[in-house]
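Only this structure's heavy atoms are used, side chains among them; waters, hydrogens and symmetry mates stay out.
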Amino acid sequence: MQPRHSRTISATPHTFARVENGEGRSHACWMSCPGMVTMMTFTRHHDAPKDPWLSRISCSFTARPFKDSFCRRTGAVEDLLQLDAMSRAETYSVTDTNDTPWIVKWRSTSAGRATLLAFPHAGGTASMARRWTDHLPGWCNVWAIQYPGRDGRFAEVPLDRAEPLADAITTAVIPNLRGPVCFFGHSLGALMAFLVAQRLMTASHSAPHHLIVSGRRAPHLPDPQAPSHGLPEPEFIARLRRLNGTPPEVFHHVGLLELLLPMLRADFAASETYRYKPGPKLSCPVTVFGGIRDPLTTPHDLRAWATHAPERTGTHMFDGDHFFIRSAEKDVLAHIAAIVTRMVA
């Protein structure tokens, strides 16, 4: 017999829709990244609080392609139930409760010869690297940083300053670093990867074997753009449109925008309020990726990364705008694969 479902929309600000099946399982659905919808499943234990959003016990999530029909109705419970039925066939593992919520390990084996650790852009999630396992060597572990306020951490308040964010990530990654590691960060992620690498060196821990920074000016250069994180909503949304990183359909759905805007504002604030503090030169090679038509960086901005690793930098330009890592994804991943292969040669 099919279980009865209570159909309710949660008031939780980071939740798009919610359904509970009466058997201790509860689901939430939200945009995990542009183009993807994520469903989180909570299993409520007998001694847990009545609200599973507070208990945060035994959770897993399922990522599904974004469909416009899903978002036409706020609280599309029928689609949530359909996702529930499909979740058995396509569920992606999250680090277990004994590990850190800061790292999602899309592929992690004891036989891994190297690890790629990806740092998402503003508004991005660890899902950015979910499909990269198909394009990188099978012996390469593929991990990604998960900032608070999204995916499995949607109930947490996102951090809006770069320094505390870098401190927390550094603390989380130190126990997990084994063998050759390559950091990859795009935009805000490039800044975070640099700050974490610098902190690892300062604390006398192993720095990454290679740092790839993408779509970001060198950290000592001032931001030529006027701050946008505090703009009124219409102007902030217009800024997002110009960056071309969000599917146009998202802007037509009030529920999705309400979900994304607090996280995006916090991420933009972390990027825009950062002020460079001189530190040690990086001991690892640095490779810089740029988009030929990226309005946020210039060739000078990218070459300036040599200041932080003066003898071991290289630059690769790709066809595309600020989000060339999507439009030129195969080419980008081919370059990353070549770098991690050289690391273990």
Side-chain angles (χ1 to χ4, degrees), residues 14-17 27-41 59-67 70-71 79-80 83 86-87 89-96 99-108 115-136 140-156 158-159 165 169 172-173 183-190 192-193 212 214-215 240 243-247 249-250 256 259-264 266-267 322-330 332-333 336:
H14 296 296
T15 305
F16 177 62
H27 309 290
C29 198
W30 68 96
M31 289 291 290
S32 61
C33 64
M36 296 300 296
V37 175
T38 292
M39 179 180 73
M40 173 171 282
T41 300
C59 64
S60 62
F61 70 85
T62 302
R64 302 296 303 180
F66 170 83
K67 294 183 180 179
F70 172 84
C71 298
D79 289 317
L80 266 178
L83 280 172
M86 292 188 291
S87 67
E90 187 178 359
T91 299
Y92 298 92
S93 298
V94 186
T95 52
D96 61 38
D99 209 340
T100 172
W102 287 92
I103 303 174
V104 174
K105 299 178 179 179
W106 297 114
R107 180 167 63 207
S108 186
T115 298
L116 175 72
L117 180 59
F119 293 70
H121 55 82
T125 75
S127 298
M128 70 177 289
R130 181 172 66 87
R131 293 192 179 93
W132 291 8
T133 55
D134 297 333
H135 302 276
L136 297 175
C140 181
N141 295 327
V142 179
W143 302 354
I145 294 297
Q146 189 72 285
Y147 307 139
R150 65 212 76 200
D151 269 11
R153 307 185 67 187
F154 76 94
E156 300 177 44
L159 298 179
L165 187 56
I169 295 172
V173 302
F183 284 3
F184 171 88
H186 182 72
S187 197
L188 170 65
M192 300 317 303
I212 306 174
S214 171
L240 296 177
L243 287 177
N244 197 32
T246 306
E249 296 85 358
V250 173
L256 292 180
L259 165 73
L260 292 169
L261 287 177
M263 174 182 68
L264 283 163
D267 288 359
H322 187 61
F323 284 95
F324 64 88
I325 61 168
R326 294 178 189 154
S327 59
E329 182 181 60
K330 287 187 177 180
V332 169
L333 292 176
I336 294 175

Quick one: [atom1] on [X] to [atom2] on [Y], what's the gap to the nearest 0.5 Å?
X	Y	atom1	atom2	answer
Ile325	Ser214	CD1	OG	5.5 Å
His135	Glu329	NE2	CD	5.5 Å
Ser187	Leu243	OG	CG	8.0 Å
Leu117	Ile103	CG	CD1	6.0 Å
Leu116	Ile212	CG	CD1	6.5 Å
Asp151	Thr125	CG	OG1	4.0 Å

Q. Can you find a heavy atom in the side chain of Leu260 that is under 4.5 Å from one in the side chain of Leu240?
A.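 A side-chain contact under 4.5 Å is absent here.
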
Q.
So Cys140 and Thr115, do their side chains get closer than 4.5 Å, heavy atoms only?
A.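 In short, these two side chains do not touch, never coming nearer than 4.5 Å.
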
Are any side-chain N or O atoms of [X] and backbone N or O atoms of [Y], one a donor and one an acceptor, separated by less than 3.5 Å?
X	Y	value
Arg150	Met263	no
His186	His322	yes
Glu156	Pro148	no

Q | Ion pair check, Lys330 and Asp134, cut-off under 4.0 Å | A |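 Not counted as a salt bridge, because no side-chain N and carboxylate O are separated by less than 4.0 Å.
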
**Q.** Test log, rule side-chain contact (heavy atoms from CB on, under 4.5 Å), inputs Leu165 and Met192
**A.** CA-CA 8 Å; Leu165 187 56; Met192 300 317 303; 3.7 Å; yes

Q | By side chain to side chain donor-acceptor pair (under 3.5 Å) - contacts of Ser327 (at least two apart) | A |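 With neighbours one apart ignored, the set is empty.
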
Q. Is the gap between the ring centers of His121 and Tyr147 under 6.0 Å?
A.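 Centroid separation for His121 and Tyr147: 6.0 Å or greater.
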
**Q.** Counterpart residues, side chain to side chain contact (heavy atoms under 4.5 Å, CB included), relative to Thr133 (two or more places apart)
**A.**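 Side chain to side chain contact (heavy atoms under 4.5 Å, CB included) check on Thr133 returns Trp106, Arg107, Val142.
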
Q) Can Trp143 and Lys105 be said to form a side-chain contact (heavy atoms from CB on, under 4.5 Å), step by step? A) CA-CA 4 Å; Trp143 302 354; Lys105 299 178 179 179; 3.6 Å; yes

**Q.** Exercise: identify the closest heavy-atom pair between Ala126 and Pro120
**A.**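 Looking at all heavy atoms of both residues, the shortest contact is N-CG, 4.1 Å.
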
**Q.** Nearest heavy-atom neighbours spanning Ala144 and Ala129
**A.**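 Result for this residue pair: CB-CB, 4.2 Å.
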
Q. Partners of Phe183 by ring pair (Phe, Tyr, Trp, His ring centres under 6.0 Å), sequence neighbours excluded?
A.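 Residues passing ring pair (Phe, Tyr, Trp, His ring centres under 6.0 Å) with Phe183: Phe119.
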
